[in-house]
Amino acid sequence: MGYLDSILFAILLIIGFGYFFINIKKITRNINLGTPINRKDNPKARWKNMAMIALGQSKMVKRPVAGILHIIVYAGFIIINIELLEIIIDGLFGTHRVFAFLGTFYNILIASFEILALLVLVAVFAFWIRRNSIKLKRFIHKDLNGFPKKDANYILYFEVVLMSLFLLMNASDLHLQNIPGGFSHFIKAGSFPVSQFIQPLFNGVSSELVMLLNELFWWLHIIGILIFMNYLYYSKHLHILLAFPNTYFADLNAKGQLSNLESVTNEVKLMMDPNADPYATPVVDANVVPSKFGASDIQDLNWVQLLNAYTCTECGRCTSSCPANLTGKKLSPRKIMMDTRDRIEEVGKNIDANKGIFVPDNKSLLNDYITPEELWACTSCNACVEECPVNISPLSIIIDLRRYLVMEQSAAPNSLNTMMTNIENNGAPWQYNQQDRLNWKNE
């Protein structure tokens, strides 16, 4: 590569990584629109969570077929991109296979990259069959109509193109290495257990053309990686990056343990305090905006819940295990997360359009995206939380939205209102006087 090529490569890297970091900055800002919550306790358990679930894929293999295929693609994505470091150095300094001095270790690396690339192609083909031919129920659900369905296939096509370019690049490189007295910088380096079977395609082709094709494959490969990296912002595959912080900051409490609203807790403590003056006027800070009971929009949710929404893989394991959805009700935990992310993005665009200030748009997550019918169908069983491979909790969002309906709008279903009235009047959910509660024993 000449100086001009190196300059062009540097410009390409600056544009690619620059745009990527701009989008990461947007995501960070959008996540921080949520309310504060402390998730820095018990770091040892949190690191273990991240290592086991995000890195170790422990929850993925609960469904072995999809789990093993996913691990292959995941490992391929992580390990093969170690090669990206060599590409960047070669591109910037005009070198070729700069790590070839590692000798046998380098040969083992390249060989493992090629085997992984082949396995990724096989796994991607299997994923495509599952989505488009077998049409597993969770992949043809109405949640995925439109872009989400296309997005999943776009990623599969991306993987095929990137792995194919990698193998073609190596095959043409191997061909040029084997030309007696050929191009001096194509030193014999690397081991090619897969691309050696592609290399015969270049037999009979002029060395100059093979050299040109090798450079073309190299440029297309790095351009493809940069495009893929920046496409992540618009795709469900953002979980490749966010699964790690999401599992680290996940709720460590036992499933089914609900958080208490601090404002309600304070009121109860005041009521139970025998020394409190019931007629005292509470001290109110005029500069503090009263917090809502529950949540009606994304600004009322905490930042971990917004991180959850961005991390959602749209795999549908939550929905396929949801008893409400399985019995035909409108609730889909996957849709809850997708709707939350869509609303975050809408609010983010509003802020961008108004120079960093959110201008009320007369919309909210509740009602405009998620309906009360969906919320009240939830049985709070935690099946969706248990099934999620990256520790997302759709239930926490459902609970907060329901709290708003009950405590701010008094919009609970009649059956729930009746139960709460009975508890208030009779000390039990049933419509019987406390004195009549044991009458059944006389029958």
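It should be emphasised that the depicted structure is a prediction, and the values quoted were computed from it without experimental measurement. Computed from heavy atoms alone, side chains included, the values below leave out hydrogens, waters and symmetry copies.
- Between S195 and E114, the shortest heavy-atom contact is OG-OE2, 2.6 Å.
- Residue pairs meeting the salt bridge (Lys or Arg N to Asp or Glu O under 4.0 Å) criterion with at least one member in residues 312-326, sequence neighbours excluded: E314-R341.
- Considering K137, R138, R63, E387 in turn, R63 is the only one that fulfils the side-chain hydrogen bond (donor to acceptor under 3.5 Å, both in side chains) rule with S320.
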Dump the intermediate steps for side chain to side chain contact (heavy atoms under 4.5 Å, CB included) on L306 and N30, then the final yes or no.
CA-CA 8 Å; L306 303 192; N30 290 351; over 6 Å; no
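- Remark: side-chain polar atoms of S112 are paired, donor with acceptor, to backbone N or O of L109 under 3.5 angstrom.
- In this structure, L365 CG and D339 CG are separated by 7.0 Å, a value rounded to the nearest 0.5 Å.
- The aromatic rings of F99 and F101 sit perpendicular, their planes meeting at an angle over 60°, well past the 30° parallel limit.
- In this structure, R334 contributes its side chain and T313 its backbone to no donor-acceptor pair below 3.5 Å.
- Other residues, nucleotides and ligands contribute over 12 non-hydrogen atoms within 6.0 Å of the CZ atom of F147.
- Side-chain atoms of L13 and L92, non-hydrogen and from C-beta on, do get closer than 4.5 Å to each other.
- From L84, atom CG reaches atom CD1 of I225 across 5.0 Å, with rounding to the nearest 0.5 Å.
- Using a cutoff of 4.0 Å between basic side-chain nitrogens and carboxylate oxygens, R29 and D352 are scored as salt-bridged.
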Under the criterion side chain to side chain donor-acceptor pair (under 3.5 Å), I'd like the reasoning laid out for D90 against T95: C-alpha separation, chi angles, the key distance, then a yes or no.
CA-CA 4 Å; D90 285 345; T95 53; 2.6 Å; yes
List the steps, then state whether side chain to side chain contact (heavy atoms under 4.5 Å, CB included) holds for M169 with W218.
CA-CA 6 Å; M169 181 178 71; W218 188 91; 3.6 Å; yes
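- Between the side chain of N230 and the backbone N or O of F20 there is at least one donor-acceptor pair closer than 3.5 Å.
- In this structure, N107 and G190 approach most closely via the heavy-atom pair OD1-N, 2.9 Å.
- Between D143 and P148, every side-chain heavy-atom pair lies at or beyond the 4.5 Å cut-off.
- Within the 4.5 Å cutoff, the side chain of N391 has heavy atoms near those of the K59 side chain.
- Interatomic distance, OG1 of T35 versus CG of L301, reported as 7.5 Å (0.5 Å rounding).
- For residues 147-156, no residue pair satisfies the salt bridge (Lys or Arg N to Asp or Glu O under 4.0 Å) rule, not counting sequence neighbours.
- Under the side chain to side chain contact (heavy atoms under 4.5 Å, CB included) criterion, L116 pairs with A75, I79, I80, not counting sequence neighbours.
- We find the CG-CG distance between L69 and L119 to be 10.5 Å, quoted to the nearest 0.5 Å.
- For W47, the ring-ring contact (aromatic ring centres under 6.0 Å, His included) partners are Y248, not counting sequence neighbours.
- Here the CG-CD1 distance, from L331 to I398, works out to 5.0 Å after rounding to the nearest 0.5 Å.
- You'll find the side chain of L121 stays beyond 4.5 Å of the side chain of E159, heavy atoms only.
- Using a 4.5 Å heavy-atom threshold, the side chains of I53 and S58 count as touching.
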Working for side chain to side chain donor-acceptor pair (under 3.5 Å), residues D173 and H96:
CA-CA 10 Å; D173 194 292; H96 183 74; 2.7 Å; yes
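- Applying the ring-ring contact (aromatic ring centres under 6.0 Å, His included) rule to H70 yields no partners; only residues at least two apart in sequence or on another chain are considered.
- Atom CZ of F127 and atom CG of N132 lie 13.0 Å apart (nearest 0.5 Å).
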For V194 and N170, run side chain to side chain contact (heavy atoms under 4.5 Å, CB included): C-alpha distance rounded to whole Å, both residues' side-chain angles, the deciding distance at 0.1 Å, then the answer.
CA-CA 9 Å; V194 177; N170 281 354; over 6 Å; no
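- Here side chain to side chain donor-acceptor pair (under 3.5 Å) pairs that include residues 360-380, with residues two or more places apart or in two chains, are K335-E374, R343-D361, E346-K363, E346-Y369, T371-E374, S380-R402.
- Q409 CD: more than 12 foreign heavy atoms inside a 6.0 Å radius.
- Put simply, the side chain of D297 never gets that close to the backbone of Q299: no donor and acceptor are under 3.5 Å apart.
- Side chains of R97 and Y106 form a contact here, defined as non-hydrogen atoms less than 4.5 Å apart.
- In terms of heavy atoms, V73 sits closest to A123 at CG2-CB, 3.7 Å.
- Side chains of Y154 and S235 form no contact here, defined as non-hydrogen atoms less than 4.5 Å apart.
- Applying the ring-ring contact (aromatic ring centres under 6.0 Å, His included) criterion to H141, with sequence neighbours excluded, gives no partner residue.
- In this structure, R403 contributes its side chain and A295 its backbone to no donor-acceptor pair below 3.5 Å.
- M420 CE: more than 12 foreign heavy atoms inside a 6.0 Å radius.
- For the side chain to side chain contact (heavy atoms under 4.5 Å, CB included) test, residues two or more places apart in sequence or in another chain that qualify with N42 are K44, A45, L252.
- Around OH of Y157, the count of heavy atoms belonging to other residues, nucleotides or ligands within 6.0 Å exceeds 12.
- Sorted by first and then second residue, the pairs that involve residues 296-327 and meet ring-ring contact (aromatic ring centres under 6.0 Å, His included), not counting sequence neighbours, are F249-W303.
- Not a single ring-ring contact (aromatic ring centres under 6.0 Å, His included) links Y404 to another residue, sequence neighbours left out.
- In this structure N354 satisfies the side chain to side chain contact (heavy atoms under 4.5 Å, CB included) test together with N350, V359, sequence neighbours excluded.
- The side chain to side chain contact (heavy atoms under 4.5 Å, CB included) search around F158 returns I227, F228, Y231, not counting sequence neighbours.
- The existence of a salt bridge linking K62 and E386 is confirmed by a sub-4.0 Å separation between a basic side-chain nitrogen and an acidic carboxylate oxygen.
- A pairwise comparison of heavy atoms in S332 and T319 identifies OG-OG1, 2.7 Å as the closest pair.
- Across P360 and F358, no two heavy atoms sit closer than the pair CD-O, 3.7 Å.
- Proximity of F244 to L55: side-chain heavy atoms (C-beta onward) are separated by under 4.5 Å at one or more points.
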Go through D400 and D300 one step at a time and tell me if the side chain to side chain contact (heavy atoms under 4.5 Å, CB included) criterion holds.
CA-CA 9 Å; D400 282 345; D300 308 319; over 6 Å; no
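- Residues N49 and T247 share a closest heavy-atom pair of ND2-O, 3.5 Å.
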